[in-house]
Amino acid sequence: MDPIDDLLATMKVEDARYVRVDAHAPWGISFPPRHLARLVLVAGGSCLLEADSLDQPQWLEKDDCILVRAGVGFTLQDAPGREVVDCDGLTFRESGHSATAGGEGELTRIVSTRSAFDAVAAEPLFALLPPLFRLNLDDAGGRLLHTTFDLIARENAADGLGSGFIMSRLSDVLFVQALRTCCADVRSGTVGWIAALREPRLASAVRQLHADLSHPWTVEELAHAAGMSRSAFAALFKEKTGDTPLGHLTAWRMYRVKVLLRDTDLSIQEIAVQVGYDTGTSLSRAFAKREGVSPGTWRAQTEPKPRQLDRVPRSTPPGPSPDAPHSAKPAAASRTP
């Protein structure tokens, strides 16, 4: 499997939600930091983006799109200095997917999705991205992203049977497309493992390494897979990734170890075999050197994943709940942009 496909599958993107906000001047909306990533598209009009992670505010025009990492807050407004409201306080229409804000002036239409995912598994990708990443919608990947936005908007407008379910699944796809667009936007001068994948001389070796992390790789083997000399391969790899080939291998083994520690009941010895260490002791030494704690301590300190809700339909009283028009979940969860 391609390293990026493998990473996206391991991230388990889920619980994506979509909302369209029609904001009429004067208006301002704050999006507090949460353990969720957000994708925001300006579908019409323009607005000012402010965030602590930005050196200065930025104007967003029609078709500008940003991906915001989990834990990053930001504010959108039609002009500097507006009074802002929390996104939870927006006035929603009956469907729960459309909201209004502001007064009676010029319209700005904002489309937003937010997604939950496995932060541990996502670490290798999000570590390369800035807190707010501006996406290019002009290339082929960006146009596909825009098409998915349009499909979700059509489902929202139609409000037919199963629209909420379809919109949720399309929002999952949208988030993955956004991450793929981020990967494609990595330029040749960017240091990181994605840059190595985009380097033709390194790509084959990197894919082979990721396909079998348990293999006892050597720099000579990887150089042979790349069709390069050992010294030339090592130098180019360090230039593109900022790490040595074996350092990169160790980092990815540790990422995989954390996922296995958190998601399985495998022993340290069993995990060691899966990621290429002869013994649990050797794995523990490598893990402690990188993470500062032993694998057992890390496992004990990591909060268990929230229990997934049963997706089998349950009997409910006739008629919709006044707090959750299309969901048995609390209103705050179903209506949060």
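Atom CG in Leu170 sits 9.0 Å away from atom CD in Gln177 (nearest 0.5 Å). Summarising the geometry, atom CG belonging to Leu36 is positioned 8.0 Å from atom OG belonging to Ser115; distances are rounded to the nearest 0.5 Å. How far CG of Leu41 is from CG of Asp150: 8.5 Å, rounded to the nearest 0.5 Å. Separating the OG1 atom in Thr218 from the CZ atom in Arg230 is a distance of 8.0 Å, to the nearest 0.5 Å. Thr181 OG1 to Leu145 CG: the interatomic distance, rounded to the nearest 0.5 Å, is 5.0 Å. Put simply, CZ on Arg169 and CD1 on Ile166 are 10.5 Å apart, with the number rounded to the nearest 0.5 Å.
Between the side chain of Thr108 and the main chain of Ser46, a donor-acceptor pair closer than 3.5 Å is present. With hydrogens and angles disregarded, no donor-acceptor distance shorter than 3.5 Å links the side chain of Trp298 to the backbone of Leu261. In this structure, His97 contributes its side chain and Tyr18 its backbone to a donor-acceptor pair below 3.5 Å. Although no hydrogens or angles enter the test, the distance criterion places no donor-acceptor pair under 3.5 Å between the side chain of His24 and the main chain of Gly103. When atom types are taken as modelled, the side chain of Glu270 and the backbone of Ser267 share a donor-acceptor pair closer than 3.5 angstrom. Checked by atom type and distance alone, the side chain of Glu291 never pairs as donor or acceptor with a backbone atom of Val293 at under 3.5 Å. Between the side chain of Thr241 and the backbone N or O of Asp243 there is at least one donor-acceptor pair closer than 3.5 Å. At distances below 3.5 Å, at least one donor-acceptor pair connects side-chain atoms of Arg143 with backbone N or O atoms of Asp138. Remark: the backbone N or O of Gly280 is paired with a side-chain donor or acceptor of Gln269 at under 3.5 angstrom. Asp22 contributes no side-chain N or O that, together with a main-chain N or O of Arg109, makes up a donor-acceptor pair within less than 3.5 Å.
Closest heavy-atom contact between Leu266 and Arg299: O-NH2, 2.9 Å. Minimum heavy-atom separation, Lys240 to Leu202: CG-CD1, 3.9 Å. Here the closest non-hydrogen pair linking Ser204 and Ala225 is OG-O, 3.8 Å. The nearest pair of heavy atoms linking Trp193 to Pro124 is NE1-O, 3.0 Å. Counting all heavy atoms, side chain and backbone alike, Val111 lies closest to Arg20 at CG2-CG, 4.1 Å.
Placement of Leu137 and Leu151 within a single hydrophobic cluster is found when ILVMFWY residues are connected by side-chain heavy-atom separations under 4.5 Å, directly or transitively. Follow the hydrophobic side-chain contacts under 4.5 Å out from Val85 and you reach Ile110 in the same cluster. Two different hydrophobic clusters hold Ile66 and Leu144 under the rule that ILVMFWY side chains link at heavy-atom gaps under 4.5 Å. A continuous path of hydrophobic side-chain contacts links Leu249 to Leu236 [ILVMFWY only; heavy atoms under 4.5 Å]. Linking ILVMFWY side-chain heavy atoms closer than 4.5 Å, directly or via other members, places Phe133 and Met11 in a single hydrophobic cluster.
A cation-pi geometry, defined here as NZ or CZ lying under 6.0 Å from the six-membered ring centre and within 45° of its normal, does not hold between Arg38 and Phe31.
One side chain, Ser98 or Asn156, offers a donor N or O that lies under 3.5 Å from an acceptor on the other. Side-chain polar atoms of Arg134 and Gln58 form a donor-acceptor pair below 3.5 angstrom. With no hydrogens or angles considered, a side-chain donor-acceptor pair links Ser214 and Asp212 at under 3.5 Å. With no hydrogens or angles considered, a side-chain donor-acceptor pair links Ser294 and Thr297 at under 3.5 Å. Side-chain atoms of Ser282 and Thr279 include a donor-acceptor pair closer than 3.5 Å.
Phe237 pairs by the ring-ring contact (aromatic ring centres under 6.0 Å, His included) definition with Phe233, His248, not counting sequence neighbours. Taking Tyr255 as the reference, Trp252 meet the ring-ring contact (aromatic ring centres under 6.0 Å, His included) condition, with sequence neighbours excluded. Contacts of Glu221 classified as salt bridge (Lys or Arg N to Asp or Glu O under 4.0 Å), with partners at least two apart in sequence or in another chain: none. Take Arg154 and apply the salt bridge (Lys or Arg N to Asp or Glu O under 4.0 Å) test, not counting sequence neighbours, and it matches no residue.
Using a 4.5 Å heavy-atom threshold, the side chains of Ile29 and Thr75 count as separate. Gln274 places none of its side-chain heavy atoms less than 4.5 Å from the side chain of Ile271. Between Val176 and Arg180, the closest side-chain pair of non-hydrogen atoms is not below 4.5 Å. Leu132 places none of its side-chain heavy atoms less than 4.5 Å from the side chain of Arg69. You'll find the side chain of Leu209 reaches within 4.5 Å of the side chain of Leu213, heavy atoms only. Taking the side chain as every heavy atom from C-beta outward, Ser112 and Val19 approach each other to under 4.5 Å. Contact annotation: the side chain of Leu179 approaches that of Leu125 to within less than 4.5 Å [non-hydrogen atoms, C-beta and beyond]. Side-chain contact between Val21 and Leu90: present, with at least one pair of heavy atoms (C-beta onward) separated by less than 4.5 Å.
With respect to Lys258 and Asp263, no salt bridge is recorded, no charged nitrogen being found less than 4.0 Å from a carboxylate O.
More than 12 heavy atoms of other shown residues, nucleotides or ligands fall within 6.0 angstrom of atom NE2 in His215. Heavy-atom contacts from other residues, nucleotides or ligands closer than 6.0 Å to CD of Glu61 number more than 12.
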Dump the intermediate steps for side chain to side chain contact (heavy atoms under 4.5 Å, CB included) on Cys65 and Leu39, then the final yes or no.
-> CA-CA 7 Å; Cys65 185; Leu39 186 64; 3.7 Å; yes
Side chain to side chain contact (heavy atoms under 4.5 Å, CB included) evaluation trace for Leu48 with Asp78 | CA-CA 6 Å; Leu48 184 67; Asp78 71 299; over 6 Å; no
What's the verdict on side chain to side chain contact (heavy atoms under 4.5 Å, CB included) for Ile268 and Phe287, showing C-alpha distance, side-chain angles and the deciding distance?
-> CA-CA 11 Å; Ile268 305 301; Phe287 190 92; over 6 Å; no
Give the C-alpha distance, both sets of side-chain angles, the deciding distance and a yes or no for side chain to side chain contact (heavy atoms under 4.5 Å, CB included) between Ser171 and Thr113.
-> CA-CA 7 Å; Ser171 295; Thr113 65; 4.0 Å; yes
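Within the structure, ring-ring contact (aromatic ring centres under 6.0 Å, His included) contacts touching residues 137-158 (residues at least two apart or in different chains) do not occur. For residues 155-179, the set of pairs meeting the ring-ring contact (aromatic ring centres under 6.0 Å, His included) definition, not counting sequence neighbours, comprises Phe117-Phe175.
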